[in-house]
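Below is one structure, written out as structure tokens; the observations come after it.
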Amino acid sequence: MVITVFGLGFVGLTTSLGFAKYGHTVYGVEVNEERLNTIKSGKLPFLEPGLGEALKCYLNTSFHPIAADQLNTAIPASDCVYYCVGTPYGKDGQADLTYLFGAIDQTLQARDASPKYQVLVVKSTVPPSTTSQKVIPYLQAQGITVGKDMGVANNPEFLREGHCWDDFINADRIVLGVSDDRSAALLRQVYASVKEPVLCVSLNTGEFIKYLSNTLLATLISYSNEMSLVADAIGGIDVAEAFRILHMDKRWGGATMASYVYPGCGYGGYCLPKDTNALYAVSRTAGFDAQILHNVIATNDNMPEFMADKIIRAAGPDKSQTIGILGLSFKPGSDDVRDTPSAKVIRALLDKGYSHICGYDPVANAEFQRVYDLPIGYTDTYDELLRNAQVLVITTAWPEFADVREQAAGKPIVDCRYML
Ligand SMILES: NC(=O)c1ccc[n+]([C@@H]2O[C@H](COP(=O)([O-])OP(=O)(O)OC[C@H]3O[C@@H](n4cnc5c(N)ncnc54)[C@H](O)[C@@H]3O)[C@@H](O)[C@H]2O)c1
């Protein structure tokens, strides 16, 4: 099959290379010129284990990275068009669908005069009812009869950053939100070589499953964080030890999911914050004010302030001390800094007048500086940060910070990740 994929970020690049591995011919479209050129040169634009080898293997054989001006070749040849563009925070916490509809417009413009039946597939995370109540009416308003002229579906993605390739090619299950049999049959062909279950559900169910997954993870994290606040208020509780012992319960069955039932300084990254907000917003619009989601978000929003207060208690009133922030990416093993709790903790400290802040991350210094442009310093090495700072704060649980107690020479340490 021939497939065009819009967006070559974490999801789009992984999807493109995964489909190339399944034996399809893939055109991957990217608007960000720098990102496109990096990929064309055989390099990854972000840190992602295993994906670089796949890129080397399929680049210019079955995977063709292209700019928008080559869509006139790619789209008419394609059986399916996949959308893997960003769906960031929009107004009032709703998902911003601008990139998705921009890419749909580009698709329609690039179709030829007598186009073949194609399926447009939303792989971006979009709130339940987006495909049925926004995408389909949008196409129909342009004279397209969905189900006859073209198909529309969603195929949510469950990969984790830091494990993109492995999660994609060893997926637990493939979810297809479909509204007609023809589209379902075509999409089953895309995944014909996959052994895992391919589950066809309604359009809204497909989208909902993704939010069910992400909001559950966010809820587990906020629950854990709230419990850490309860423990802090009571006092005399070893929070890390308590959670480690909780995980020894046989009912968890050693599940890696248990790692989400652990406190920290709040969930971050691209997905959990925006997706929890978006489901809360869409549910409110539909007439139901979801109280658990409301409190999951409120607890998460509160965590940077709680951690900043803890740091200030450790630093004392002398605001001229240098506070060393260990970890800037949203999680270890990734250089993604989108919605990273480190930035929120730093902002809270700056707001309270602690302006001598220095950050260090094994891989994300430059990206963090580029995205946030905060008035702080950076060190190139862990040792330099240990020397320069008077107070040490772990904000990302990179394994290399595990020996900070031995290295700190008695300086106060605030372990926002309960990793020590
Ligand atoms: N990152 C994750 O772990 C993850 C996991 C599952 C689902 N998702 C969802 O997948 C979607 C993409 O996430 P991501 O992390 O890959 O985002 P990303 O920001 O890394 O990538 C999106 C890419 O789309 C490109 N783009 C935007 N409009 C375009 C257009 N018209 N044509 C071509 N390229 C275009 C952007 O330049 C960018 O490179 C989001 O909806 C996200 O919520 C992400």
Side-chain angles (χ1 to χ4, degrees), residues 4-18 26-40 44-49 51 64-71 74-75 81-90 94-110 120-127 130-131 154-168 171-172 174-175 206-207 209-215 217-218 267-279 329-331 333-340 367 371:
T4 294
V5 175
F6 274 87
L8 294 177
F10 289 90
V11 171
L13 183 58
T14 309
T15 301
S16 299
L17 294 169
V26 183
Y27 293 100
V29 199
E30 175 53 58
V31 278
N32 179 326
E33 209 176 318
E34 192 186 337
R35 183 166 274 195
L36 179 66
N37 289 336
T38 304
I39 294 168
K40 277 183 166 173
L44 291 183
F46 36 72
L47 187 75
E48 199 50 63
L51 202 61
H64 307 279
I66 60 167
D69 60 5
Q70 287 168 276
L71 279 170
I75 296 293
V81 181
Y82 265 76
Y83 301 99
C84 301
V85 297
T87 46
Y89 276 114
Q94 289 174 29
D96 177 354
L97 303 176
T98 313
Y99 298 107
L100 175 64
F101 281 96
I104 291 174
D105 282 342
Q106 286 174 287
T107 309
L108 299 182
Q109 280 155 21
L120 309 190
V121 191
V122 181
K123 201 176 225 332
S124 300
T125 302
V126 293
T130 299
T131 322
N154 56 64
N155 175 198
E157 180 51 57
F158 299 93
L159 58 73
R160 296 162 298 162
E161 284 181 26
H163 305 266
C164 282
W165 182 243
D166 195 43
D167 283 351
F168 190 90
D172 308 310
I174 308 296
V175 176
E207 293 161 336
I209 290 166
K210 175 66 191 171
Y211 283 85
L212 201 52
S213 171
N214 274 2
T215 56
L217 300 178
Y267 55 77
Y270 187 44
C271 296
L272 297 194
K274 77 175 175 67
D275 295 347
T276 309
N277 275 285
L279 190 66
S329 62
F330 87 100
K331 68 174 181 182
S334 171
D335 60 355
D336 196 343
V337 301
R338 291 179 287 187
D339 241 324
T340 176
E367 183 65 359
V371 171

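Start at 1 and go down the list; that is how both ligands and their atoms are numbered. Please read all numbers here as calculations on a predicted model, not as lab measurements. Side chains are part of it too, since the values below use all heavy atoms of this structure and drop only hydrogens, waters and symmetry mates.
- Contact atoms of ligand 1 toward Q106: 30 (C), 31 (N), 32 (N) (distance under 4.0 Å to a heavy atom of the residue).
- For ligand 1, one of its N or O atoms has an N or O atom of F10 under 3.5 Å away.
- Proximity to C84 (heavy-atom distance under 4.0 Å) selects the following atoms of ligand 1: 12 (C), 22 (C).
- With atom 33 (C) of ligand 1 as the reference point, the heavy atom nearest to it among T15, V29, D96, T4 is part of V29.
- Within the model, atoms OH of Y82 and OG1 of T15 stand 8.0 Å from one another, a figure rounded to the nearest 0.5 Å.
- For atom 28 (N) of ligand 1, the nearest non-hydrogen atom from the set I104, V5, N214, V85 comes from V85.
- An N or O contact shorter than 3.5 Å links E161 to ligand 1 by distance.
- For ligand 1, the atoms sitting less than 4.0 Å from at least one non-hydrogen atom of R338 are 15 (O), 17 (O), 18 (P), 19 (O), 20 (O), numbered in the order shown with element in parentheses.
- Residue contact annotation: G102 has no non-hydrogen atom under 4.0 Å from ligand 1.
- With L13, V11, T98 as candidates, the residue nearest to atom 8 (N) of ligand 1 on a non-hydrogen basis is V11.
- Considering each of T125, L159, T14, V31, the one bringing a non-hydrogen atom nearest atom 26 (N) of ligand 1 is V31.
- Contact check for F158 versus V175: side-chain heavy atoms found under the 4.5 Å cut-off.
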Discussion item. Could you go through Y83 and T107, starting from their C-alpha distance and side-chain angles, then the distance that decides it, and tell me whether this counts as side-chain hydrogen bond (donor to acceptor under 3.5 Å, both in side chains)?
Written reply: CA-CA 10 Å; Y83 301 99; T107 309; 2.7 Å; yes
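- Of the candidates C271, S334, P156, C271 brings a heavy atom nearest to atom 4 (C) of ligand 1.
- Taking every non-hydrogen atom of K210 and a distance limit under 4.0 Å, the qualifying atoms of ligand 1 come out as 6 (C).
- Close approach to E157 involves these atoms of ligand 1, each under 4.0 Å from a residue heavy atom: 6 (C), 7 (C).
- Not a single heavy atom of R160 lies less than 4.0 angstrom from ligand 1.
- Distance alone, capped at 3.5 Å, is enough to place a donor-acceptor pair between the T87 side chain and the T125 backbone.
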